[in-house]
Amino acid sequence: MQTRYEPRDVESRIARRWVDSGINHPEPAGSPAENFSIAVPPPNVTGALHMGHALNGSIQDVLVRWHRMHGRRAKWVFGTDHAGIATQKQVEQKLARAGVAKEDLGREAFVEEVWRWTREHGGIIQEQFKRLGASLDYDDERFTLDDGYVRAVLKVFVDLYEQGLIYRDHYMVNWDPGLRTAVSDLEVEEREETDTLYSIRYSDEVVVATVRPETMLGDTAVAVHPDDERYRHLVGTAVMLPLVGRELPVIADDYVRTDFGTGNLKVTPGHDPNDFEIGRRHGLEAVTVIGEDGRMTAAAGEFAGLTALEARAAVVQALGDRVVKTEPYTHNVPYSHRSGERIEPLISLQWFMRMDELARPAIEAVRDGRIRIRPESQRRRYVEWLEAIRPWCISRQLWWGHQIPVWYRGDEVHCGLEPPDGEGWERDPDVLDTWFSSALWPFATLGWPQDTAALRAFHPTDVLSTARDILFLWVARMVMMGLRFTGEVPFEDVYVHSVIQAPDGRRMSKSLGTGIDPLDLIEQYGADATRFGLLAMSSTQDVRFSEEKIAQGAQLANKLYNASRLILMNADPAADAPPATVEDRWILSRLERAKRDAAERIEAFDFAKLALGLYDFVFGELCDWYLEIVKPRLYDGDPAAHATLLRVLEETLALAHPVIPFVTEELWSMLPGERGMLAASRMPPADPSRVDPEAEAALGDAIATVRALRTWRESVDARPGLHIRGVPSGAGATIDLVAQMARFEWAEDGAEPVAVVPTPLGAIGVLATDGLDVGAAERKRAEERDRLEREIARAEGKLGNEGFVAKAPGAVVAAERDKLERLRAELEAL
RNA sequence: GGGCGCGUAGCUCAGUGGGAGAGCGCUCGCUUCACACGCGAGAGGUCGCUGGUUCGAAACCAGCCGCGCCCACCA
């Protein structure tokens, strides 16, 4: 057996065993209450595993493995998302490299091409999740464009249409001129930019200000505030729009601010969301001067055909001295999240979904605790967003996706799961926003709208784990759709995890070149280490990636491996004896606390403490102390030591398995006796009878004593191998293990100590020993006296403070008194 | 403009009312018969600043400085 754990040798073999064993694919039986289920946030079908997947995959896998090991049927639904815009864009780019436009192929051939592409790239992320150790149900994979899933999506559309929640309207939308499609409000990001603010004189009395002079070609009014004395006389009159020659009525509207610019607002209902609203209020015509291609339309007259930006310069030039002022102006500009293009607000015929009626029960479900969102800050975000929700533009001008189930013939409209009978019907060419179909994920993946066994067994799911960037896009919409169509919440806990940033604090992104590939980490450190590191980094707030944490995970795996080697190479598998010594009782008690801590941390979704707590137990208690203390008994064949070691090892492997499944599974297979896979085993139950405060106190003192003696040794430059003769001030159960660990030898009392070391177990006298420099010991004694005197003065000061004695809790004061006494005794001993 | 969060050791982060912590890095020592991805011992911190509450503040409150994120239709 090699002395170092090599994940590469182990992980692929173990991963295959798990998948082949069928444990990831539970029978659809039992009730959702007794089962445990999670629907994975579906990655894009052509995507590759990134840091977010790796972290969230680790989190979910911990939960799935934990609950499976507690005897629950655990189903982690696997699947991918067709990701309309993203996938279509990839294929368009591929075609463009071959000089082909999608229009050349036509819709049907293009969609077939996208299918080919998804089949080609679709299996990648599944293999990557397997490498991470994710125990997803790979045997029951879903895709948001599967036949069954499509039926669910169309049914939802038709039902909502019939219920009047989905409607078609000419309305101002966020138009992405790059992708040539509308996008929803959530797909728009604002960027701060400095542009030029132009003041343009429309008449002697009317001067308007705008950063987009080209839109003036579409002006249909000038507005002033109704209370603005300066312009009251103008209301009801008209001004002539320069360049165009259209008469603009001067209207009064509350929206106008009197303290901005001149207090005259140009109104362009066709190209500004605010102006659109004003236009609706006042019955103004909306003139579209910028088209869906981002170029000026025929309505722009002589400027037709120019891009909006070109038109801006041309309009400014044509206006000549009517431009009375230019000044730099910093404002927010909308950009498309998807393409990075500047959003062009324009009026378009689109499908919308009314959300207020759906939002109310979704708010209620969180308010009354049927859904718990943590952390609390995300719960608030969720509620506040839903309370202010607006209609959702659900149609996209794409080819890849769920085509809207609506057909037109003249003025006739047919919405249904099947095409209408008769000739001459034409189907709406648009597809649905990808998030429309994702919103059905937790139940559509289980077979809804059919009443399937899977749905009865696993819905509602238990946990939804995600990053906060899709809380609105996805999570809130799942709740709304779930409640509307299944009558149940789709999940009970929403855990919003941190975002792992690049080490320099920037966002991890491929385009910035700041991304770190989790597969590289798995390659270098192993999947266990990667999982451990990501979990240890995780938190409820953003954290910077630190490779050291991954390395820490590799050390834990290696440590467990070597500790297991020590035990398995020396312990008698047949040993069967109860704990015999204080250290046996101590390690069992500490293990019990580690088990309790782990359970609490899972319960609290505190994965960082879960991982680091395991590390602390394995290093700080099991290996650094128990294994070192027990070694002589291990080598001597002490049955109690052997039995305790095997018991502790077995339970530690089980406890650590959800976090570091590979190494624990591998070591489990080396334990004596016939046993199945650890992944399919039961978590050792809590055993409160093992908690032993006396043993913990005794070992706590012993450990502190060993440390004091070691520190003393270092301070006098004693050789590490030198066994120093000493005299303890008393005999306790731990005094011999103290000698062993500190390399002391207890001598008969009587000789005069050359030095005294104060410890929690009393003063320990040091006798003259060959190779020990007593002069150094003497200097050390003086330093120690200084330290004790300082601490005593501090404690005395505190206890001399009347306020402290009178107002602090009794236990705190008593503890301070005890400490003072102990310090005085130590000083006395010196 | 509104809201949320953060500022603790060189780095990444725990700690949220009673003696400043972890991992990594650094220094010194160790071929201790599981592990040098190891073992042992150390150095290193006016806990962003200023006030306040309290017997006691890194923690609670207020203000300020710095950083980040989210939401928002003001030309």
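We name chains A, B, ... by the order of the sequence lines, and we start the count at 1 in each one.
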Using the C1' atom on both, measure B:rC70 against B:rG18 and round to a whole Å.
-> 38 Å
All heavy atoms of A:I290 vs all of A:R212, minimum pair found to be CD1-NH2, 3.6 Å
Got a donor-acceptor pair under 3.5 Å from the side chain of A:E384 to the base of B:rA72?
-> no
Where do A:L671 and A:E650 land on the side chain to side chain contact (heavy atoms under 4.5 Å, CB included) test, with the steps shown first?
-> CA-CA 8 Å; A:L671 291 179; A:E650 177 178 345; 4.1 Å; yes
Heavy atoms under 4.0 Å, any strand shown: does A:P809 hit a base, just sugar-phosphate, or nothing?
-> base
Looking at B:rG29, B:rC39, B:rA75, which one has an atom nearest to any side-chain atom of A:P720?
-> B:rG29
If you look at every strand shown and take non-hydrogen atoms under 4.0 Å, does A:E548 touch a base, only sugar-phosphate, or nothing?
-> sugar-phosphate
In the strands shown, is B:rG66 matched to any nucleotide by a Watson-Crick or G-U wobble pair with both distances under 3.5 Å, and which?
-> B:rC6
Mark yes or no for whether A:R743, through its side chain, and A:I724, through its backbone, hold a donor-acceptor pair below 3.5 Å.
-> no
At under 4.0 Å between heavy atoms, what does A:N332 touch on the DNA or RNA strands: base, sugar-phosphate, or nothing?
-> base
Listed nucleotide nearest any side-chain atom of A:C623, set B:rC71, B:rA75, B:rA34 | B:rA34
Between A:D616 and A:A209, the residue closer to the 5' end of RNA chain B by nearest nucleotide is A:D616
A:R257 CZ - B:rC74 P separation (whole Å) | 10 Å
Using a heavy-atom cut-off of under 4.0 Å over every strand shown, decide if A:R212 touches base, sugar-phosphate, or nothing.
-> nothing
If you check every side-chain atom of A:Q555, which of B:rA14, B:rC24, B:rC39 has the closest atom?
-> B:rC24
Go through B:rC4, B:rG40, B:rA36 for me and flag the one nearest to the A:T3 side chain.
-> B:rA36
Which part of the nucleic acid, if any, lies within reach of A:G263 when heavy atoms closer than 4.0 Å are counted: base, sugar-phosphate only, or nothing?
-> base
Using a heavy-atom cut-off of under 4.0 Å over every strand shown, decide if A:K609 touches base, sugar-phosphate, or nothing.
-> sugar-phosphate
Aromatic rings A:F472 and A:W385: how do their planes relate, parallel, tilted or perpendicular, breaks at 30° and 60°?
-> parallel
Which listed nucleotide (B:rC69, B:rA34, B:rC24) is nearest to the side chain of A:R507?
-> B:rC69
Run the salt-bridge test on A:R468 and A:D542 with the 4.0 Å N-O cut-off and return the result as yes or no.
-> yes
Looking at the side chain of A:A808, which of B:rA75, B:rC55, B:rU12 is the nearest nucleotide?
-> B:rC55
From B:rC33, B:rG40, B:rG23, nucleotide with atom closest to A:Y635 side chain | B:rC33
Under 4.0 angstrom, heavy atoms only, what part of the nucleic acid is A:Y329 near: base, sugar-phosphate, or nothing?
-> sugar-phosphate
Here the distance between atom C1' of B:rA34 and atom CG of A:L634, to the nearest Å, is 10 Å
NA contact type, A:V543, heavy-atom cut-off 4.0 Å: base, sugar-phosphate, or nothing?
-> sugar-phosphate
Could you give the CD-to-C1' distance, from A:E628 to B:rC33, as a whole number of Å?
-> 11 Å
Counting any heavy atom closer than 4.0 Å, what does A:R544 reach on the DNA or RNA strands: base, sugar-phosphate only, or nothing?
-> sugar-phosphate
Taking all non-hydrogen atoms of both residues into account, name the closest pair between A:T210 and A:K266 and its distance.
-> CB-CD, 3.7 Å
When we call it a touch if two heavy atoms are under 4.0 Å apart, what does A:E277 touch: a base, just sugar-phosphate, or nothing?
-> nothing
Classify the nucleic acid contact of A:L627 as base, sugar-phosphate or nothing, counting any heavy atom under 4.0 Å across all strands shown.
-> base
Closest heavy-atom pair, A:L622 versus A:V618, reported as atoms and distance to 0.1 Å, is CB-O, 3.5 Å
Confirm from the modelled atom types if A:R381 and B:rC70 form a donor-acceptor pair under 3.5 Å, side chain to base only.
-> no
Length of the CD-C1' vector between A:E327 and B:rA75, whole Å = 12 Å
If you check the A:Y255 side chain, which of B:rG42, B:rG15, B:rC74 turns out closest?
-> B:rC74
Measure from CD on A:E821 to P on B:rG19 and round the result to the nearest Å.
-> 19 Å
Atom pair distance, as rounded to whole Å: CZ in A:R743 and P in B:rC39 = 15 Å
With sugar-phosphate meaning primed atoms plus P, OP1 and OP2, does A:T268 contact a base, only sugar-phosphate, or nothing at under 4.0 Å between heavy atoms?
-> nothing
Watson-Crick/G-U partner (both atom distances under 3.5 Å) of B:rG19 | none
Counting side-chain heavy atoms from CB outward, which of B:rG40, B:rG23, B:rC39 is closest to A:R710?
-> B:rG40
